Amino acid sequence: MIVISDTSPILNLSAVGQLDLLPKLYGKVAMPPEVERELRRNGFSESLTWLMVIQPTDRIRVQHLMSMLDAGEAEAIALAKELSAQKLLIDERLGRKIAVEHGIPVTGVLGILADAKRAGFIDACGPILELLVSTVDFWVSESLRARFLRSVGEDEE
């Protein structure tokens, strides 16, 4: 399975001690050089054998995408398209929309948590979601939060 990641899923999962979910779920994960630079600028200094850096070759596509997105998102989408990735890990709404328009399947941190629960890697999503909200200002609307928790069998009373 080819999985490409944008910056935010790696940073957010790392901040709450759940970065190990990515190799458990997907094996190796690739990212473009700009995502690596963004991670470094945000203090991420881990060197992980399962996290690879791959340069997208279609610079015209990258430049076109950069007219709408930041450089990390643009390179991640271009790389996902070039490699026919089975999944792009991305949270930003506009980036997700554009990736889907390019035929790229997307998931974000919530989808990763749901997959991890289904696979038995975590017992519950709610506590991790709360930690994301309180620790890294991960934004999720109340209605999305409630729908997400219901979808993973963690209905709130």
Side-chain angles (χ1 to χ4, degrees), residues 1-56 65 69-81 83 85-100 104-156:
M1 173 183 278
I2 298 172
V3 176
I4 309 299
S5 187
D6 185 30
T7 308
S8 62
I10 295 170
L11 281 180
N12 288 333
L13 291 171
S14 179
V16 296
Q18 298 296 325
L19 190 58
D20 66 323
L21 293 177
L22 296 182
K24 286 178 181 177
L25 287 167
Y26 311 120
K28 292 196 179 286
V29 175
M31 64 180 169
E34 187 56 38
V35 167
E36 181 182 41
R37 283 188 283 280
E38 289 176 4
L39 289 170
R40 301 278 182 241
R41 280 194 300 268
N42 282 282
F44 185 88
S45 60
E46 296 181 58
S47 179
L48 305 165
T49 58
W50 55 266
L51 191 56
M52 309 172 294
V53 178
I54 302 174
Q55 176 74 49
L65 290 167
L69 303 167
D70 74 33
E73 293 166 348
E75 282 193 0
I77 291 170
L79 185 61
K81 187 69 177 171
L83 299 180
Q86 282 77 31
K87 200 167 282 195
L88 172 63
L89 310 179
I90 187 169
D91 285 311
E92 295 77 16
R93 182 179 292 155
L94 180 58
R96 291 169 68 97
K97 178 182 181 290
I98 292 170
V100 168
I104 302 165
V106 299
T107 196
V109 168
L110 296 181
I112 293 164
L113 293 178
D115 288 347
K117 183 175 179 183
R118 281 191 286 277
F121 297 133
I122 58 174
D123 295 325
C125 297
I128 298 169
L129 179 56
E130 291 309 313
L131 195 56
L132 282 162
V133 169
S134 66
T135 304
V136 296
D137 291 327
F138 184 82
W139 188 87
V140 59
S141 70
E142 284 302 314
S143 62
L144 176 57
R145 181 182 180 282
R147 282 194 321 271
F148 170 69
L149 291 174
R150 269 194 309 280
S151 76
V152 295
E154 298 178 37
D155 297 56
E156 295 184 309

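The structure displayed is predicted, hence computed values, not measured ones.
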To check you understand the geometry: which heavy-atom pair defines the closest contact between [X] and [Y], and what is its length?
X: G126; Y: L149; answer: CA-CD2, 3.7 Å
X: P127; Y: E154; answer: CD-OE1, 4.3 Å
X: I77; Y: G95; answer: CD1-O, 3.5 Å
X: A99; Y: V106; answer: CB-CG1, 3.6 Å
X: P105; Y: A85; answer: CD-O, 3.9 Å

Do K97 and E92 pass the salt bridge (charged side-chain N to carboxylate O under 4.0 Å, His left out) test, and can you show the C-alpha distance, the side-chain angles, and the key distance before you say yes or no?
CA-CA 9 Å; K97 178 182 181 290; E92 295 77 16; over 6 Å; no
As a test of understanding, state which of I90, N12, L89, L39 forms a side-chain contact (heavy atoms from CB on, under 4.5 Å) with T7.
L39
For C125, run the side-chain contact (heavy atoms from CB on, under 4.5 Å) check against L113, L132, L110 and tell me which one passes.
L113
Do [X] and [Y] touch side chain to side chain, with heavy atoms closer than 4.5 Å?
X: V133; Y: W139; answer: no
X: E75; Y: P33; answer: yes
X: L65; Y: E73; answer: no
X: I10; Y: M31; answer: yes
X: D115; Y: K87; answer: yes
X: I4; Y: I54; answer: no

With rounding to the nearest 0.5 angstrom, report the CG to OG1 distance, D91 to T107.
8.5 Å
Drop me the distance from R147's CZ to S141's OG, to the nearest 0.5 angstrom.
6.0 Å
Would you confirm whether D70, through its side chain, and G72, through its main-chain N or O, come within 3.5 Å as a donor-acceptor pair?
yes
Is there a donor-acceptor pair under 3.5 Å between the side chain of S14 and the backbone N or O of L11?
no
Side-chain donor-acceptor pairs of residues 16-27 under 3.5 Å, sequence neighbours excluded:
from	atom 1	to	atom 2	distance (Å)
D20	OD2	K24	NZ	2.9

Should D6 and R96 count as an ion pair when the cut-off is N to O under 4.0 Å?
no
Qualifying residues under salt bridge (charged side-chain N to carboxylate O under 4.0 Å, His left out), relative to E34, sequence neighbours excluded
R37, R41
Is there a salt bridge (charged side-chain N to carboxylate O under 4.0 Å, His left out) between R40 and E36 once you walk through the steps?
CA-CA 6 Å; R40 301 278 182 241; E36 181 182 41; 3.5 Å; yes
Begin with the C-alpha distance, continue with both residues' side-chain angles, and end with the deciding distance and a verdict on side-chain contact (heavy atoms from CB on, under 4.5 Å) for K117 and D123.
CA-CA 6 Å; K117 183 175 179 183; D123 295 325; over 6 Å; no
